[in-house]
Chemist: 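Got a structure for you, written out below as structure tokens; questions coming shortly.
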Amino acid sequence: MLTGGLTMIKNTVAKLPDSERKIAEYILNNPHTVVNSTAGELGRLANASSAAVIRLCKSIGVSGFQELKVRVAGDLARDTEQGYRDIETNETIQSIVKKTASNSIQSLSDTAELVNYKEAERAVLALIEAKNIHFFGIGASHIIAMDAQQKFLRINKNATAFADSHLAATLIANASKDDVVVGISFSGETPEVSNVLSLAKNRGVKTISLTKYGQSTVSSLADICLYTSYSQEAPFRSAATSSRLAQLYVIDVLFLSIAAQQYDQTIEYIDKTRDAIQFLKTKK
């Protein structure tokens with residue numbers, strides 16, 4: 001069953017044009033009504049137009065109004081979600097443990113609903129065929145880049161992860177059309193990441209973006225766009241916590257998808273790297 005319609009709307013509503021935002025807000029407040037409405041009826045109910053309904057579908061990344069209705073119906077058929085919860089003053093460790101687990105699960109679940117399988121398959125194929133893979137992110141996103149580099153090195157893929165845009169630019173200046181640049185930015189508006197992807201595009205190097213859901217400068221520069229869920233951040237649930245697990249999750253999906261397609265070879269590479277690490281541990 002398709003789900004994620006409400007999550008897609010929540011992730012994009014703040015950046016929508018006025019006419020589309022009115023419809024999006026109506027859907028969020030009246031999801032049951034939408035399931036049984038036509039595009040024209042929804043437009044009238046939201047004091048907008050059927051054309052605005054169609055534009056909204058395009059803006060949130062679904063094929064049309066019918067898919068949106070199916071996804072919203074799927075959302076309504078599920079159990080009520082816990083939602084994100086922020087910590088409170090003098091809260092106990094026991095309560096924080098439960099809230100952190102709940103928020104992490106919610107972030108992963110929301111991101112899973114947003115996965116565009118065709119784009120993910122394109123990303124996997126591009127990474128399999130890549131001669132070199134250059135991961136680039138700033139701040140917390142650089143941690144994700146380093147994790148990705150470590151994973152891909154273990155399966156014999158040439159991978160780099162730099163936070164210095166000048167070093168990244170040097171790499172891309174000498175990159176070939178067989179290379180792939182992966183730009184990681186939760187906001188999708190990190191200038192350094194945008195500049196690196198713009199340079200890669202100018203050099204004819206294939207690019208993949210990993211950003212929060214919705215339109216952004218970084219995603220607009222990428223050949224293949226991957227997304228994590230985004231919701232209004234509570235003061236302590238910053239991007240460094242809520243998005244980090246979702247970004248790691250997407251990297252894991254890519255890594256495991258490649259492993260599944262190259263199973264025997266992947267096992268061989270992982271065994272070799274494990275033996276090498278064990279050698280270092282036992283060497284005196």
Side-chain angles (χ1 to χ4, degrees), residues 1-16 20-39 41-43 45-46 52-85 99-124 186 188 209-216 219 224-234 237 242-254 256-257 260:
M1 178 184 294
L2 285 176
T3 58
L6 298 178
T7 300
M8 290 174 173
I9 293 173
K10 289 175 184 176
N11 277 248
T12 55
V13 64
K15 289 190 173 183
L16 292 172
E20 294 176 35
R21 187 183 302 118
K22 286 197 297 184
I23 297 167
E25 290 173 346
Y26 183 87
I27 293 173
L28 293 176
N29 293 323
N30 306 275
H32 289 87
T33 302
V34 175
V35 173
N36 298 310
S37 299
T38 64
E41 290 169 343
L42 175 59
L45 289 169
V53 174
I54 303 305
R55 291 197 301 272
L56 170 65
C57 293
K58 183 177 181 180
S59 295
I60 67 173
V62 297
S63 60
F65 186 52
Q66 186 59 37
E67 181 185 339
L68 176 59
K69 289 171 62 175
V70 170
R71 286 184 177 274
V72 172
D75 293 334
L76 295 174
R78 296 182 310 171
D79 293 334
T80 302
E81 295 177 347
Q82 181 79 47
Y84 296 102
R85 297 180 295 165
K99 281 187 178 180
T100 302
S102 176
N103 289 345
S104 298
I105 292 169
Q106 189 73 58
S107 179
L108 296 180
S109 177
D110 288 349
T111 296
E113 290 184 334
L114 297 176
V115 173
N116 182 313
Y117 294 110
K118 289 184 179 180
E119 283 288 275
E121 288 172 358
R122 290 180 63 211
V124 169
F186 175 68
S209 65
L210 177 56
T211 67
K212 71 181 183 181
Y213 193 75
Q215 298 176 351
S216 67
S219 62
I224 302 170
C225 301
L226 303 175
Y227 299 104
T228 59
S229 177
Y230 167 74
S231 59
Q232 294 300 314
E233 297 289 353
R237 194 175 56 77
S242 67
S243 70
R244 187 183 66 249
L245 285 176
Q247 289 174 325
L248 289 170
Y249 166 72
V250 174
I251 294 297
D252 283 349
V253 167
L254 296 176
L256 293 172
S257 296

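Just so you know, these numbers come straight off a predicted model, no measurement behind them.
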Chemist: Restricting to side-chain hydrogen bond (donor to acceptor under 3.5 Å, both in side chains), what partner residues turn up for D252, sequence neighbours left out?
Modeler: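 If we apply the side-chain hydrogen bond (donor to acceptor under 3.5 Å, both in side chains) test to D252, skipping adjacent residues, the hits are K151.
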
Chemist: Ignoring hydrogens, what is the shortest heavy-atom contact between A120 and V115? Give both atom names and the distance.
Modeler: CB-CG1, 4.3 Å

Chemist: Only pairs under 3.5 Å count here: list side-chain donor-acceptor contacts from residues 25-33, not counting sequence neighbours, and write none if there are none.
Modeler:
| residue | atom | partner | partner atom | Å |
| --- | --- | --- | --- | --- |
| N29 | ND2 | E25 | O | 3.0 |
| N30 | ND2 | Y26 | O | 3.1 |

Chemist: Specify the closest pair of heavy atoms between I54 and A39, including all atoms of both residues, with the distance to one decimal.
Modeler: CD1-CB, 4.5 Å

Chemist: To the nearest 0.5 Å, what is the distance between CD on Q215 and OG1 on T12?
Modeler: 9.0 Å

Chemist: What pair of heavy atoms forms the shortest contact from A24 to V13, and how long is it?
Modeler: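 Reported closest heavy-atom pair: CB-CG2, 3.9 Å.
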
Chemist: What distance do K22 atom NZ and L56 atom CG have between them, rounded to the nearest 0.5 Å?
Modeler: 13.0 Å

Chemist: Determine whether more than 12 heavy atoms belonging to other residues, nucleotides or ligands lie under 6.0 Å from atom CD of E119.
Modeler: yes

Chemist: With sequence neighbours excluded, what pairs up with S209 under the side-chain hydrogen bond (donor to acceptor under 3.5 Å, both in side chains) test?
Modeler: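 Result, side-chain hydrogen bond (donor to acceptor under 3.5 Å, both in side chains) vs S209: none returned.
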
Chemist: Does the D110 side chain pair with the main chain of S229, one donor and one acceptor, at a distance under 3.5 Å?
Modeler: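 Looks like no, no N/O pair under 3.5 Å.
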
Chemist: With sequence neighbours excluded, tell me which residues meet side-chain hydrogen bond (donor to acceptor under 3.5 Å, both in side chains) with T111.
Modeler: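 Not a single residue meets the side-chain hydrogen bond (donor to acceptor under 3.5 Å, both in side chains) criterion with T111.
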
Chemist: Tell me which donor-acceptor pairs under 3.5 Å the side chains of residues 58-72 have, and how far apart each pair is, sequence neighbours excluded?
Modeler:
| residue | atom | partner | partner atom | Å |
| --- | --- | --- | --- | --- |
| S59 | OG | E20 | OE1 | 2.7 |
| S59 | OG | R55 | O | 3.1 |
| S63 | OG | E67 | OE1 | 2.6 |
| E67 | OE1 | S63 | N | 2.8 |
| E67 | OE2 | R71 | NE | 2.8 |
| E67 | OE2 | R71 | NH2 | 3.2 |
| K69 | NZ | S37 | O | 3.0 |
| R71 | NH1 | T3 | O | 2.5 |

Chemist: Grab the two heavy atoms, one from G214 and one from S219, that are nearest each other, plus how far apart they are.
Modeler: O-OG, 3.9 Å

Chemist: When you look at L114 and T228, which way does the side chain to side chain contact (heavy atoms under 4.5 Å, CB included) test go after all the steps?
Modeler: CA-CA 7 Å; L114 297 176; T228 59; over 6 Å; no

Chemist: To the closest 0.5 Å, what do you measure between CD1 (I23) and CG (L16)?
Modeler: 9.5 Å

Chemist: Ion pair present between K118 and E121, side-chain N to carboxylate O less than 4.0 angstrom?
Modeler: no

Chemist: Between L76 and V35, which heavy-atom pair has the shortest distance, and what is it?
Modeler: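 Smallest heavy-atom distance, with atoms named: CD1-CG2, 3.9 Å.
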
Chemist: Determine the sole option in N116, N11, T211, V250 for which the side chain to side chain contact (heavy atoms under 4.5 Å, CB included) test with Y227 is passed.
Modeler: T211

Chemist: Could you tell me whether the side chain of S104 and the main chain of T100 form a donor-acceptor pair under 3.5 Å?
Modeler: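 Checked: pair present.
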
Chemist: So which heavy atom on F186 is nearest to which on Q247, and how close?
Modeler: N-NE2, 3.8 Å

